[in-house]
2 protein chains.
Amino acid sequence: MTALARYLPIFDWARGYNSVALTNDLVAAMIVTIMLIPQSLAYATLAGLPPEIGLYASIAPIIAYAMFGTSRSLAVGPVAVISLMTLTAASNVAPPGSPQFIAAALILALLSGLMLISMGVLRLGFLANLLSHPVVSGFITASGIIIATSQLKSIFGIKASGEAMPELVQTLAMNMGQLNFPTLVIGVTVTAFLFWVRKGLKPLLVRLGLGLRTADLVAKAGPIAAVAASTIAVITLDLEVQGVKIVGAIPQSLPPLTMPLFDARLWQSLAIPALLLSIIGFVESVSVAQTLAAKKRQRIHPDQELIGLGAANVAASFTGGYPVTGGFARSVVNFDAGAETPAAGAFTAVGILIAALFLTPLLYALPIATLAATIVVAVLSLVDFKTPRDVFRYSKPDFAAMFATITVTLLAGVEPGVIAGVGMSLALFLWRASRPHAAIVGRIPETEHFRNVKRHKVFTDPRILTIRIDESLTYLNARWLEEFVLEEVAEHHQLKHLILMCSAVNAIDASALESIEAINHRMADAGVQLHLSEVKGPVMDALERSHLLHHLTGNVWLSQNEAFDAVIALADRDEGAGQTPDMWMARGLI
Amino acid sequence: MTALARYLPIFDWARGYNSVALTNDLVAAMIVTIMLIPQSLAYATLAGLPPEIGLYASIAPIIAYAMFGTSRSLAVGPVAVISLMTLTAASNVAPPGSPQFIAAALILALLSGLMLISMGVLRLGFLANLLSHPVVSGFITASGIIIATSQLKSIFGIKASGEAMPELVQTLAMNMGQLNFPTLVIGVTVTAFLFWVRKGLKPLLVRLGLGLRTADLVAKAGPIAAVAASTIAVITLDLEVQGVKIVGAIPQSLPPLTMPLFDARLWQSLAIPALLLSIIGFVESVSVAQTLAAKKRQRIHPDQELIGLGAANVAASFTGGYPVTGGFARSVVNFDAGAETPAAGAFTAVGILIAALFLTPLLYALPIATLAATIVVAVLSLVDFKTPRDVFRYSKPDFAAMFATITVTLLAGVEPGVIAGVGMSLALFLWRASRPHAAIVGRIPETEHFRNVKRHKVFTDPRILTIRIDESLTYLNARWLEEFVLEEVAEHHQLKHLILMCSAVNAIDASALESIEAINHRMADAGVQLHLSEVKGPVMDALERSHLLHHLTGNVWLSQNEAFDAVIALADRDEGAGQTPDMWMARGLI
C-alpha cells in the first residue's frame, strides 16, 4: 500500500475496479437508496430539523467517506442516536426548527468532523476505549427508549417536548386531550405493519417460495410501501384538513452550499456535545465496520476511520446536512445487497440526489406519523434488556456502570448519561487497579513450587516472608504496595528477610520504583533485608537504569526457589545455628 | 483493637501511658515548640495571613490530630506548599490580608477538613493514588521555586505579587528600584546564617566534642537565634524608621473561636482548590507518617489518617487557623527528639499556646525579612533537580508527566499544575493500558514450551495461529484485542484455527468478553475456529457465567501444548491427510 493509498483508501480499491463490481455496486445502491429515503427524512425530523436535511446529509457525506474511509461496506448518513444527540445539543442554543437551530446543527457537524479528523491524525482513537461495551449498550438502550417515547407525540398527533423521560412523559400526559384520531389510526397502523414486515413478512415470503435473500430484500422495502400507502390515504381521504400533520413542500434542489457560522461563543457551548457525539458515533460506526469487514476477512484501520467519518461530517456541514455516522441498518443492507466497494456508496448518493431533485413533490402528503412509526420500529430494535441481565450475571462492576448510564440517560438526558457511564467505568477501573492481588507464598514440600499460604499446605519460615505480586506495579498501586508490605511486616515479629516475588510483574513505573526504594529503606531501619525474585527481563533492564540495585539490602534472585534456600542459609548463618538434616526436612527440602 | 480505638486511636495508646513516655514526650514537645514558633509565623505570612494565625493553626489542630490520627510521631500544622495553595485559592476571592481573605482561609480549612473526613469514612483514600510520585515531586519542586521567589520581595524590602513565576518575576523586576538596604542586609545575613546552620554548624559542633544528637538539636535551634538576633538588631539600631518592615503588634490571646462563614457561592468557588489542597496535604502527610512509623515497625491506617487530618483542619477552621497538614521537618524533629506518643503533640500545643498568650510582645520588632529567610531556607530543601534526572533515565512517560507538572505549575500556578500532572499521568496510563503486549507464539522443537516467533526458532503451522496475551483483558484494551486479532488473521490466508493463549490473563471484563464473542462470530464467518488455552481458574469461573462457552466454535484447553496437538490433529482430519512420523518430526514433536 502506498502512502497515498493509506490516507486516500480510494486509490487502493479503485485500481482493481471492473464491470462485475460495478454491477454489484449498482444493485446494492438501488436497494439502499429505496430504504434510505424514508429513513433520512424520519431521522431529520427526529433531530428537530426539516426533513430535506436528512436527504442532504445522505449525499456529500457518503462520497467523502467513500474517498477517505477504510470499510468497503459501511453506509454513512443520519442515524437515530446521533440525531437525538443533535437535538439535545442544538436545543440548548436555539428552539428546534429555528434558523439558529439549523445553524447549530451545521456547526455540530463541522466541529464533530474537525474533532474526528484531529483524533485520526494524532492517533487518538484509543480515547474511544473509554466507552466500555456495557456503557455503550446501556446508552443505546436508554436512547432508544427516549426516542421511541418522543415519537409518540407524532403518532398521537399531540405536542410534547423534552430530551429525557421525566419531561417527555409529563408533556405527553398533559397534552393527551389534543389527541388527533386520524393521525393515531395512521400511526398505529403503520407501526403494526412495519413490525409485521420485520417479523412476519420474510418467513411468509419464504413459505410462498421466494429465495431467502430475495425475501429479505423485499421485506426491507416495507417502509417504502408504508410511505406510499399512507401518502395515498392522506390524499384520497383528504386527511390534512382533519388535522393529520404532513411533511409538506420540500424544496426540489441540489444540497445547498452552506458555510457554518463562525461564532466563538456558540462553538464553545457546542464543543462538549460535539465531542460526545463524535465518540459515540465513532464507536458505533467502527463496530459495524469491523463486523462487516471480518466477514470477508478485510480489515479496517480505526485511525483512518476517524478521518473518513470526520471528512463525512465536514462534508455534511458544507452541504446543508447535520452530524452523520456509519449506520448499522443501512450498512447491513448494503452488505447483504452485495456492495463490493465504496463506489456503491457513491451510487447511493446519486440515487438520493435524484430523489432530492425530482421526487420530493411525491412526499408532500406523507404523514409525519408514518415517519414517526418508521423511527419507533427502527429504534425499538436498539432497546436491549437481555444484555443488562447477562452483564449483571457476569460482572457486578460492569453492571453498575451500565445501570448508571441507563438511569442517568433516561432521567437527565444523553450528555449526562454518557459522562456518568464513562466516569463510573473509569472510577471502578482505577479502584480495581489500585488494589491488585498479592499473596504470601510458601514452598510446597518436596517441590520447587511456591503457593499461597491460605490455599495450600506449604512450608514457611518465621524469619522469612515471601510476597508474590500478581500485577504490574504502577503509580495507582504503589501506595497499596507500601501499605500491604508494611502491614505484613508489622505482623511478623521475627522477620529478617523479605522477598518480593515478581513473576507476574510486567512493568514497574517510577512511582512503584520509589515505593520499593522506600520499602527497602524502611526495612533497613527495621533490620530486615529486602530481596527480589523472578524479575522479568524487561523489568530488570529498567531497574538497572535506577539506583535501587545499588541500595538494595538483599539480592535479586533468578528463581524463588534459589532465593528461599539462599535466604534460609543466610538467616541460619546470622543466628550461628547448625544445619541438621532434621531442619532441612522440616523445611520441605527433602 | 476495639471499635472505639479504631476510630479514636487515642484509646489505643493512652492506656499504656507511663512516666517514661511522659518525660520523653515533654522533652520532644519543648524542642518542637522552639522550632515551630518562627516557622508558624513565617508560613502564615507566606499564605498572606497575619502571623498570629500561624500560631493558632498550631494549637487546636495538633490536639485534634492526637485524638484521631494513627501516627505516633506526625506533627501537624502550617506547611509551605499548603500555605502557598491557600494564598492562591483565597486570592481568587479577596485581596490578601483583608478580612474576607482571612474568612476564605477559614472556609478552605473547613471544606478541606470535611472533604478529608468524608474520604476517610467512604474509604476513598485510593483517590490519592491519582497523584503519582513524579507528579508530587515535580509539584513540590515547582512550588518551592515559586515560594522562594515570592519571598525575595521581603528580603529586598520591595513589593511584588503573583502566584506563578511570570508575574512574580515581572513585579520583582519592576519594583527593584524601591530596594530597602537595611532590609536587604538583614535578609541576606539571616539567609546565609541559616544555610550555614543547616550545612556547617552540626559538623562544627561535633568536632567541638558534642554528641551527634545534641549537635543536631542545637542546630535545629538556629532559626530561634536568628529571630532573637535580628529582633535585637532592629530595636538597638532603630531600623524600623529606616524602612525595615517588622511583625508589629500581635494580639496576646487564646486562639479565637471562629465560625466559618456559610456562603454558598464562596464555598462553591473554593471547593476545587480545597480538594486539591486536601489531596496534596494528605499525600505528603501520609508519606512522612509511613516513613516514621516503619522505623519503629508501627503502622498507620491511611483511611483513619484522612479522618485525623480532617479533624485537624476542622479544628483549625473553628479556632482562627488555616489549612494544615503533617509537616516533614517538624515531624522528623519530633521523632528525633524522642516523642513516643501523640501526647508530645498535645504538649507542643500547650507550648505554642503559652507563646501566643505571653511571648508575642517579644516578637513585635521581629523583621519580616527574617521570616522570609526562614521560608527560603526551608523551601529550597524541597527543590530537587536530582529526581527529574533519575526519572528521565528510568521512564520517559513518567518524566513527561513530571515535566508537565513542573512547567504548568511554574507558568500558570499551583492548581493548573496539579491538574495537568494528574491528567497527563492518567492519559499516559490509559494509553498504555489500551495497547498491551501480545505475541504470536510457536512451539520450541522437542519441548512443550511456546515462545514468541519473533525471538525464538519455533515451529508453527500455517493453518494454526496462537496469540499469547500478556495482560488482563478490560474495556480499555478490548477494541485493541479485536483489531490485533483481525489484523493477524487477515495476514494468514490458510488459517483454520485460532488459539488465544490466556496464561497471563488475570481477568476478563464484560467488554472484553463481548470482544471475544465478536471475534468468535467473525472467525466463524471466515471459517476459522476459535480456541482458548491456559485459562486461569477465576477467569474460567467467570466465563462459565457467560454464553461464550456455548457459542465457542473451538474448545477450551487446559494447556497450550495439548491445544496445539489436538488442533493439528483436527486440521489434518479435516484435510483428510494421513499422519506420518515425518510430519510429526517436522512439527517438532519428536
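Numbers restart at 1 for each chain; the letters A, B, ... are given by sequence-line order, proteins then strands. Atom set for the values below is all heavy atoms of this structure, side chains included, hydrogens, waters and symmetry mates excluded.
- Remark: A:D509 CG to B:R432 CZ distance equals 6.5 Å, nearest 0.5 Å.
- Taking OH of B:Y394 as the start and CD of A:E544 as the end, the distance is 11.0 Å to the nearest 0.5 Å.
- Options A:A478, A:A518, A:S546, A:S425 differ in how many heavy-atom pairs under 4.5 Å they form with chain B, and the most are formed by A:S425.
- Looking at heavy atoms from C-beta onward, A:W431 lies out of side-chain contact with B:L124 at the 4.5 angstrom threshold.
- A:K386 NZ to B:H547 NE2: the interatomic distance, rounded to the nearest 0.5 Å, is 4.0 Å.
- With hydrogens and angles left out, the side-chain atoms of A:N506 and B:H437 include no donor and acceptor closer than 3.5 Å.
- For the pair B:D398/A:L513, no side-chain contact is recorded, criterion being any heavy-atom separation below 4.5 Å from C-beta on.
- Among the candidates A:A427, A:S511, A:A512, the residue making the largest number of heavy-atom pairs closer than 4.5 Å to chain B is A:S511.
- Of the listed residues B:V391, B:I508, B:I519, the one with more heavy-atom pairs under 4.5 angstrom with chain A than any other is B:I508.
- For the side chain to side chain contact (heavy atoms under 4.5 Å, CB included) criterion with A:Y475, the lone passing option out of B:L426, B:N129, B:L131 is B:L426.
- Atom CZ of A:F403 sits in a sparse spot, with 12 or fewer heavy atoms from other residues, nucleotides or ligands closer than 6.0 Å.
- Side-chain atoms of B:R479 and A:H133, non-hydrogen and from C-beta on, do get closer than 4.5 Å to each other.
- Taking B:L130, B:N477, B:V135, B:T474 one by one and counting their heavy-atom pairs under 4.5 Å with chain A, the maximum is reached by B:L130.
- Between chain A and the options B:A542, B:S395, B:A510, the largest number of non-hydrogen pairs under 4.5 Å is found for B:A510.
- Contact of A:F399 with chain B is not made at all, since no heavy-atom distance falls under 4.5 Å.
- Note that CD of B:E483 is 8.0 Å distant from CG of A:D303, once rounded to the nearest 0.5 Å.
- With chain B as partner, the option from A:P397, A:S137, A:S434 having the largest number of non-hydrogen pairs under 4.5 angstrom is A:S434.
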